[in-house]
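See structure below.
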Amino acid sequence: LLPETLLRLVHLFARFPGVGEKTAQRFVLHLVTSEEDLAEGLAHELGLLRSRVRPCEQCGHMADASEAVSPILCSICRDSKRDGRVLCIVARVQDLLAIERSGAMRGRYFVLGKLLSPLEGVGPDDLPLAALHHRLSEAQPSEVVIATPPSVDGEATALLLARELGQRGIRITRIASGVPHGGDLEFADQITLGRAIEGRKQLTG
Ligand SMILES: [Zn+2]
């Protein structure tokens, strides 16, 4: 019912998490009927996205890569006021942002990018364990906080990490339950997430 060009856009928007065909259609119709600057701004920013944003070379968080400085570091890694003794391991950038919103973490991060998932065929070899060891050797934290989500995959990943990092003699802690089981850290409220971090339990070390 819509012109081919718009349908193509609808299908692209529908690939976003949580966006169905109907919402995608609403986005597209809004784009064509609203002021020109929305579509133009979007096209401009999307064009820059690949060249201007890169994963931080230290932690995997999103970093501004437009200044052509090397290494490419995110704002957290560049912040000298951060507590270098604590390194928090998260699954995704969204989780890092949720933890930052809670205000309970003053340390630094490492973003895994994925979780162990036998169902989706993600095994230990698919996790960036070599990069994590490298990061730990460089950062020399005294505590590693495992903040993977309290889901089946998140717990399996936490166990693997505790075993993998246990040999390094660092204190390893896990965020406390309180975040609903199976729940996304992203959707936990700030107070609950803050308490889960403050009430973290020691696993090893
Ligand atoms: Zn970083």
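Please read all numbers here as calculations on a predicted model, not as lab measurements. Numbering of ligands and ligand atoms starts at 1, following listing order.
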(message) Before moving on, can you tell me the angle at the Zn ion (ligand 1) between the SG atom of Cys59 and the SG atom of Cys74, to the nearest 10 degrees?
(response) 100°
(request) Mind reading off the angle at the Zn ion (ligand 1) between the SG atom of Cys77 and the SG atom of Cys56, rounded to 10°? (result) 110°
(message) If the test is side chain to side chain contact (heavy atoms under 4.5 Å, CB included), which one of Leu203, Leu87, Leu129, Leu136 qualifies with Leu165?
(response) Leu136
(request) Would you check if the Zn ion (ligand 1) lies under 2.8 Å from any N, O or S atom of His61? (result) no
(request) Decide yes or no for Leu185 and Pro150: does some side-chain heavy atom of the first lie under 4.5 Å from some side-chain heavy atom of the second? (result) yes
(request) Could you check if a side-chain atom of Arg135 sits within less than 4.5 angstrom of a side-chain atom of Gln58, using non-hydrogen atoms only? (result) yes
(message) Do Leu132 and Leu161 have side chains that approach each other closer than 4.5 Å (heavy atoms only, starting at C-beta)?
(response) yes
